[in-house]
Amino acid sequence: ILNVEQSPQSLHVQEGDSTNFTCSFPSSNFYALHWYRWETAKSPEALFVMTLNGDEKKKGRISATLNTKEGYSYLYIKGSQPEDSATYLCAFPNTNAGKSTFGDGTTLTVKP
Amino acid sequence: KAGVTQTPRYLIKTRGQQVTLSCSPISGHRSVSWYQQTPGQGLQFLFEYFSETQRNKGNFPGRFSGRQFSNSRSEMNVSTLELGDSALYLCASSLALSGYEQYFGPGTRLTVT
């Protein structure tokens with residue numbers, strides 16, 4: 001059984017705060033790690049595909065880093081805005097099993 | 001480019017009935033995966049189809065089945081519905097099997113009474 005864990009489970013921050021959360025995954029047989037944002041009443045939307053150890057990807061105020069040797073990825077949001085409120089999911093594609101395992105997500109609420 | 005579409009969006013069924021959900025992937029995508037999300041649970045993998053073949057199956061009973069057609073459209077069937085099958089069912093398409101980012105549809109909200 002493949003364990004993909006995300007922490008914290010939920011986070012409440014004030015508008016303007018910066019925040020980060022973690023995705024832990026098995027460090028062996030690494031192929032890629034995906035981050036998704038899932039807003040209420042919408043579909044999950046791909047944010048980043050992380051493939052190389054030390055990768056850092058950025059999209060506006062959101063960035064992600066990857067450490068494949070220790071099996072974790074961080075997602076950072078700088079200056080959170082209410083529109084950043086969503087559940088952030090990471091997914092670990094297991095090429096041996098041929099499927100992606102999703103973490104349970106971190107639900108971020110940004111209060112104005 | 002049109003996104004992933006799912007029909008119906010909402011469905012109410014009674015215990016014991018069966019249901020079929022449909023998913024049309026993004027044009028050119030050959031892989032379709034199905035997921036179940038229940039309150040308090042993350043996305044649970046149901047199965048993945050690629051080129052009309054089921055490539056992987058999650059840990060769900062045999063009441064859950066699916067298929068994929070030559071145009072990559074996929075259907076998921078649940079027979080003998082139970083109350084616990086009430087959930088949001090999401091399908092996602094990707095260019096190929098695992099490793100590629102997935103594009104999700106809006107989901108079908110199934111309520112079993």
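Each chain gets a letter, A, B and so on, in the order the sequences are listed, and its residues count up from 1.
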Exercise. Any idea which heavy atoms bring B:S51 and B:R30 closest together, and the distance?
Worked result: OG-NH2, 2.7 Å
Seminar exercise, completed: Looking only at heavy atoms, the pair that brings A:K69 and A:N53 closest together is CE-ND2, 3.7 Å
For this session: Identify the two heavy atoms, one from A:A32 and one from A:P93, that lie closest to each other, and give their separation to 0.1 Å.
Result: O-CD, 2.9 Å
Exercise. How would you list, in number order, the residues of residues 6-18 of chain A that have a heavy atom less than 4.5 Å from chain B?
Worked result: none
Problem set entry | Closest non-hydrogen atom pair, B:P106 against B:V4 | CD-O, 3.5 Å
Exercise. Counting a contact as any heavy-atom pair under 4.5 Å apart, which residues of residues 73-93 of chain B contact chain A?
Worked result: B:L88, B:L90
Problem set entry | Proximity breakdown for B:Q37 and chain A, heavy-atom pairs closer than 4.5 Å | side chain
Exercise. Taking the side chain from B:Y49 and the backbone from B:G66, do they hold a donor-acceptor pair closer than 3.5 Å?
Worked result: yes
Exercise. Of the backbone (N, CA, C, O) and the side chain (C-beta and beyond), which part of A:L33 lies under 4.5 Å from a heavy atom of chain B, both, or neither?
Worked result: neither
Seminar exercise, completed: Separation between CG (A:N67) and OG (A:S24), nearest 0.5 Å, reads 10.5 Å
Exercise. Is there a donor in the side chain of B:Q17 and an acceptor in the side chain of B:T14, or the other way round, less than 3.5 Å apart?
Worked result: yes
Problem set entry | B:R9 side-chain N/O to B:G107 backbone N/O, donor-acceptor pair under 3.5 Å | yes
Seminar exercise, completed: Against chain B, residues from residues 73-85 of chain A with at least one heavy atom under 4.5 Å, in numeric order, are none
Exercise. For B:T111, does its backbone N or O pair with a side-chain atom of B:K13 as donor and acceptor, under 3.5 Å?
Worked result: no
Exercise. Taking everything shown except B:N59 itself, do over 12 heavy atoms lie less than 6.0 Å from its CG?
Worked result: no
Exercise. Which residue, A:Y31, A:Y72, A:W35, A:F30, forms the ring-ring contact (aromatic ring centres under 6.0 Å, His included) with A:F25?
Worked result: A:F30
For this session: Kindly check if the number of other-residue, nucleotide or ligand heavy atoms within 6.0 Å of CZ (A:R61) is above 12?
Result: yes
Exercise. Between the main-chain N or O of B:P8 and the side-chain N or O of B:T108, is there a donor-acceptor pair closer than 3.5 Å?
Worked result: yes
For this session: Starting from the C-alpha separation in whole Å, work towards a yes-or-no answer on side chain to side chain contact (heavy atoms under 4.5 Å, CB included) for B:L43 and B:F104.
Result: CA-CA 12 Å; B:L43 288 175; B:F104 285 84; 4.2 Å; yes
Exercise. Counting only N and O atoms by type, is there a donor-acceptor contact under 3.5 Å from the side chain of B:E52 to the main-chain atoms of B:N71?
Worked result: no
Problem set entry | Rounded distance (nearest 0.5 Å) linking atom CD1 of B:I26 with atom OG of B:S31 | 11.5 Å
Exercise. Considering only heavy atoms, which portion of B:F50 lies under 4.5 Å from any heavy atom of chain A: side chain, backbone, both, or neither?
Worked result: neither
Exercise. Where do A:H34 and A:F48 land on the ring pair (Phe, Tyr, Trp, His ring centres under 6.0 Å) test, with the steps shown first?
Worked result: CA-CA 6 Å; A:H34 300 163; A:F48 303 114; over 10 Å; no
For this session: Would you check, one step at a time, whether the test side chain to side chain contact (heavy atoms under 4.5 Å, CB included) holds for B:Y35 with B:E48?
Result: CA-CA 9 Å; B:Y35 296 89; B:E48 179 176 19; over 6 Å; no
For this session: Using heavy atoms and a sub-4.5 Å threshold, report which of residues 36-44 of chain A line up against chain B, by residue number.
Result: A:Y36, A:W38, A:S43, A:P44
